[in-house]
Amino acid sequence: MPLSLYNTLTRSLQPFTPADPAHITFYSCGPTVYDDAHIGNFRSFLIADLLRRFLESPLCTLTTSSGAPHTGPRTVTHVMNITDVGHMTDDAEGGENGQDRMAVAGQRLAEAKKSGKLPADVSIDPRDPYAIAAYYASRFQGDARTLGLKLALEAQSKPTLMPRATQHIDGMIAVIAALISRGHAYAVGPAGQQTVYFHVPSFAPYGALSNNTLDGLRAGEGGRVNAANQSEKKHPADFLLWKSDPSHIMKWPSPWGEGYPGWHIECTVMSAASLLAPGEFARRLASPDTSPALIDLHSGGEDNIFPHHECEIAQSACAFCTTPSHNTFARHWFHGRHLMVEGQKMAKSKGNFFTARDLFAKGIEPAALRLELIRTHYRSNANFTMQGLADCQRMVDRWRRWLDSATTSGPASPAALESQARFAAAMHDDLNIALALAELNGFTSSISNPTTGDAETFRGCESTLAILSLPRPAAQTTSIAAYAPGVTPSDEIESLLAQRRDARAAKDFKKSDEIRDALAARGLAIKDIAGGKVEVSRKS
RNA sequence: GCCCAGGUGCCAGAGUGGUCUAAUGGGACGGAUUGCAAAUCCGUUAUUCGUCGGUUCGAAUCCGACCCUGGGCUCCA
C-alpha cells in the first residue's frame with residue numbers, strides 16, 4: 001500500500017502524489033534566530049526529517065499521478081529557511097509595546113556578556129543584528145546536526161538548502177512588485193514611506209487551508225491586531241508585505257521606502273527560489289503559467305497553518321500562476337502538532353522550557369532525545385517527559401545490544417523480513433511511528449540470535465528513524481571509572497571510588513555502601529560494570 | 001463566538017465495527033542473577049477505552065449531545 005498522508009489542505013488522508021515521484025520538492029518553515037531553538041521547534045523539524053527520510057527509503061512506495069505505484073529510487077530536495085529579519089515582538093497594545101525581536105536578542109546577549117554567561121570564545125557585537133542572527137543560526141545548525149536533521153548535514157556543503165531571509169530581499173521586492181502590478185497588493189502612505197498590503201479579497205480561495213472564512217476570521221479576535229494599521233487597510237484581513245520604517249534595526253531600500261518585508265513573503269520567495277528549476281523564479285514572475293503546483297510538500301508547526309501558510313498560498317499562487325488557486329502552491333501540506341512538557345504547555349514562565357543544548361549539557365544523548373521527539377504520531381500533541389526520555393534511552397540501548405549480538409553471518413530470517421514488512425506498512429499509514437516502533441521492538445524480541453542479515457534488515461528500517469546512526473557521546477574513562485556524558489570527573493570522585501574498591505576487596509560492604517550513598521548525595525549514580533570499572537552517571 | 005486536532009490502562013502511546021478481557025516501551029510487583037545494588041533474563045500487572053444517550057446480534061471503534069485539553073482567529077514549530 002503506498003504512502004498515505006494527512007493533507008491539511010483537504011483535511012483528509014490521501015495518497016501523497018508528487019509531480020515527479022523520483023524527485024520530490026519539500027519546503028519546511030524553519031526557525032527564527034533571535035534565540036536558541038527549543039525542543040518544540042525541533043520536534044517539528046524532526047517530524048519533517050522523518051517524513052523526508054521515509055520518502056527516500058527503499059521501503060517507501062508512492063502513488064504516481066497516473067495511479068501506478070512508484071518504488072524508487074527517489075531523492076528529496078528539502079529546503080528550510082532561516083528567518084533572520086528582525087520582526088516585531090508584539091503589537092497587542094496597538095503597537096506601543098512592539099519591539100524589534102533582533103534588538104531584544106541583542107539586549108539579552110549584551111546582558112549575558114556583562115554577567116559572564118556567554119562562553120569565552122564568543123565575541124559578538126550585541127548591537128549588530130547580523131552578528132546576532134549568525135550566532136544563533138550557527139548554534140541552531142549545530143543542534144540540528146547533532147539531532148541528525150539530514151537537511152542540516154547536507155547544508156554544510158550546500159548552504160543554499162538553508163536560505164536566509166536577509167539574502168532574498170531582492171526576490172521579495174520583485175514578488176511584491178509583481179503582486180501590485182497584478183492587482184493583488186497595494187501601497188498606502190506618502191511616497192517613500194509606503195506600506196504595502198496584500199489584498200486578501202483579490203484571492204477568493206483565501207481561508208481554504210485553515211478552513212476559515214473571511215467572516216469567521218473576526219478581525220482582531222486574537223487580540224494581536226494593531227488598530228492604527230487596521231484603518232489604512234482596504235480590508236481588515238489584508239496583510240503586510242512591506243513596511244517602510246527607517247528606524248527599524250534591519251532595513252533595506254525598496255520602491256516603497258526604506259524598511260523591511262512582511263513576515264509571510266519570505267517563505268513564498270525562498271521556496272520558489274530554492275525549489276523551482278534554475279531561472280524559473282524570474283521567468284514565472286514575469287509570465288505566470290498554468291502549472292498545477294510549484295512544490296510537492298510544505299511543512300510547519302500547527303501554529304503556522306493560519307495565518308502564515310494561508311498567506312503564503314495567496315502570495316505564491318497570485319505571483320506565479322495564471323489561475324491562482326488554493327492548490328497551485330504546494331500539493332500537500334504537512335503540519336505537526338505541538339509538544340507539551342510534563343503535560344503542560346511549554347513556557348519559559350512555567351520553568352518547563354528546554355532547548356536541545358540544555359538537555360545535551362545534562363548528559364542526555366542525542367539519540368534518546370531524537371527518539372523522544374519523534375516517537376509520538378505527528379498529528380497528536382506529544383508529551384515530553386524526563387521519564388519518557390529515560391524510556392527512550394533504554395530502547396536505544398536495547399537495540400544497540402541486539403545489533404552488537406549479530407556476529408554470525410547469514411541471510412535475514414523470514415521473521416526479520418516479516419517485521420520489516422510490518423514496519424513499512426505502519427510507516428505507509430500516515431507515518432504511524434508508534435506502531436512502527438512496536439514492530440521494531442517485536443523485531444528484536446522475536447529474534448534472539450540475530451544473523452548479520454537480520455541486523456542489516458533491522459538497520460534498513462531504522463535508517464528512516466536515524467537514531468542509531470547518531471554519534472554516541474563517548475564516556476570519559478579513567479583507570480577506575482567510566483564517566484557518562486554530563487558528568488565531570490574529579491579527584492574527589494576518583495578517591496571515593498578507590499576507597500570503595502578497596503573496601504569491597506576487603507569485604508567491608510558497610511563502608512562500600514556508605515560511599516555509594518555519599519556519591520548519591522552528590523547526585524551521582526554508580527554501577528559496577530565489566531572490566532572491574534565503575535560507571536558514574538547522573539542520578540535520574 | 002468561529003475553525004482545526006485530540007481525550008485509551010500507573011506513565012508514554014498503538015488500535016477506528018467481531019480475532020480487543022486492548023500492541024509496544026517504561027513503571028510497579030514476584031523470581032533468577034548480584035555481598036547489596038545496577039544492568040540483564042523470566043513471569044505477573046486494565047472485563048477497561050472523557051461523560052451521557054443512540055445505532056447494531058456485536059462499539060474503544062459508527063451517530064448525537066455535552067465536558068475537557070492543545071492549536072489558530074494576523075509574534076510563535
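So that the names make sense, note that chain A is the first sequence line, chain B the second, and so on, each numbered from 1.
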*Asks:* To the side chain of M395(A), which of G25(B), C4(B), A12(B) is closest?
*Replies:*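 Nearest listed nucleotide: G25(B).
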*Asks:* Between P on C41(B) and CZ on R394(A), what's the gap in Å once rounded to a whole number?
*Replies:*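 Answer to the nearest Å: 9 Å.
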*Asks:* Measure CD/Q387(A) against C1'/G13(B) and give the value in whole Å, please.
*Replies:*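 Going from CD in Q387(A) over to C1' in G13(B) covers 14 Å.
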*Asks:* Any donor-acceptor pair under 3.5 Å linking the side-chain atoms of H309(A) with those of H335(A)?
*Replies:*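 Yes.
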*Asks:* Any donor-acceptor pair under 3.5 Å joining the side chain of N381(A) to the base of G71(B)?
*Replies:*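 Not at all, since no donor on one side and acceptor on the other fall under 3.5 Å apart.
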*Asks:* On RNA chain B, compare the nucleotides closest to R375(A) and R401(A); which residue's is nearer the 5' end?
*Replies:*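 The residue mapped nearer the 5' terminus is R375(A).
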*Asks:* Is it the case that the side chains of D238(A) and H199(A) hold a donor-acceptor pair, with the cut-off being a distance below 3.5 Å and no angle test?
*Replies:*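 H199(A) vs D238(A): donor-acceptor pair found between side chains.
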*Asks:* If you take atom types as modelled and just measure distance, does the side chain of R516(A) reach the base of C36(B) with a donor-acceptor pair under 3.5 Å?
*Replies:*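 Yes, the side chain and the base share a sub-3.5 Å donor-acceptor pair.
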*Asks:* For a quick check of understanding: with a heavy-atom distance under 4.0 Å over all strands, which category does G336(A) fall into, base, sugar-phosphate or nothing?
*Replies:*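 No contact.
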*Asks:* Rounded to whole Å, how long is the line connecting atom CZ of F384(A) with atom C1' of G26(B)?
*Replies:*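 In whole Å, G26(B) C1' and F384(A) CZ are 15 Å from each other.
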*Asks:* Expressed as a whole number of Å, how far does the C1' atom of A14(B) sit from that of G35(B)?
*Replies:*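 Their C1' atoms lie roughly 43 Å apart.
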*Asks:* In whole angstrom, what separates L389(A)'s CG from C11(B)'s C1'?
*Replies:*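 Rounded to the whole Å, the gap is 14 Å.
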*Asks:* Write down the distance between CD (Q344(A)) and P (U69(B)), rounded to a whole number of angstrom.
*Replies:*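 My rounded result for the distance is 12 Å.
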*Asks:* Knowing that exactly one of Y378(A), F16(A), F54(A) qualifies, which makes a ring pair (Phe, Tyr, Trp, His ring centres under 6.0 Å) with F334(A)?
*Replies:*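 With F334(A) as partner, Y378(A), F16(A), F54(A) yield a single ring pair (Phe, Tyr, Trp, His ring centres under 6.0 Å), made by Y378(A).
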*Asks:* Just checking I433(A): base, sugar-phosphate only, or nothing, at a heavy-atom cut-off of under 4.0 Å?
*Replies:*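 Nothing, no heavy atom under 4.0 Å.
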*Asks:* Would you say N383(A) and E342(A) are linked by a side-chain donor-acceptor pair, where the criterion is simply a distance under 3.5 Å?
*Replies:*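 Side-chain D/A pair, E342(A) to N383(A): absent.
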*Asks:* So, do I47(A) and F42(A) sit near enough that their side-chain heavy atoms are less than 4.5 Å apart?
*Replies:*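 A side-chain contact under 4.5 Å is absent here.
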*Asks:* Roughly how many Å is it from CG in N432(A) to C1' in U16(B), rounded to a whole number?
*Replies:*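 The distance from CG of N432(A) to C1' of U16(B) comes to 12 Å, rounded to the nearest Å.
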*Asks:* Give one of base, sugar-phosphate or nothing for H377(A), where a contact means two heavy atoms less than 4.0 Å apart.
*Replies:*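 The answer is sugar-phosphate, as H377(A) gets under 4.0 Å only of primed atoms, P, OP1 or OP2.
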*Asks:* Whole angstroms only, please: what is the CG-P distance between L435(A) and G25(B)?
*Replies:*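 The answer, rounded to whole Å, is 13 Å.
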*Asks:* For I305(A) and for A382(A), find the nucleotide of RNA chain B with the closest heavy atom, then tell me which residue's nucleotide is more 5'.
*Replies:*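 Here I305(A) is the residue nearer the 5' end.
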*Asks:* Provide the Watson-Crick or G-U wobble partner of U69(B), both distances under 3.5 Å; none if there is no partner.
*Replies:*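 WC or wobble partner is A5(B).
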*Asks:* Going by purine N1 to pyrimidine N3 plus the second Watson-Crick contact, or the G-U wobble pair, all under 3.5 Å, which nucleotide sits opposite A12(B)?
*Replies:*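 Paired with A12(B), as far as the under-3.5 Å criterion goes, is U24(B).
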*Asks:* State which of A14(B), G6(B), G35(B) makes the closest approach to the side chain of D513(A).
*Replies:*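 Nucleotide nearest to D513(A)'s side chain: G35(B).
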*Asks:* Rounding to a whole Å, what distance do you find between R501(A):CZ and A37(B):C1'?
*Replies:*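 Checked: the CZ to C1' distance equals 19 Å.
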*Asks:* Take atom P in C41(B) and the same atom in C57(B), then report the distance between them in whole Å.
*Replies:*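 About 49 Å, rounded to a whole number of Å.
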*Asks:* Does the base of G35(B) carry an N or O that pairs as donor and acceptor with the side chain of R504(A) under 3.5 Å?
*Replies:*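 Yes, a donor-acceptor pair under 3.5 Å.
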*Asks:* Classify K507(A) by what it touches in the nucleic acid, base, sugar-phosphate, or nothing, heavy-atom distance under 4.0 Å.
*Replies:*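 Nothing, no nucleic acid heavy atom in range.
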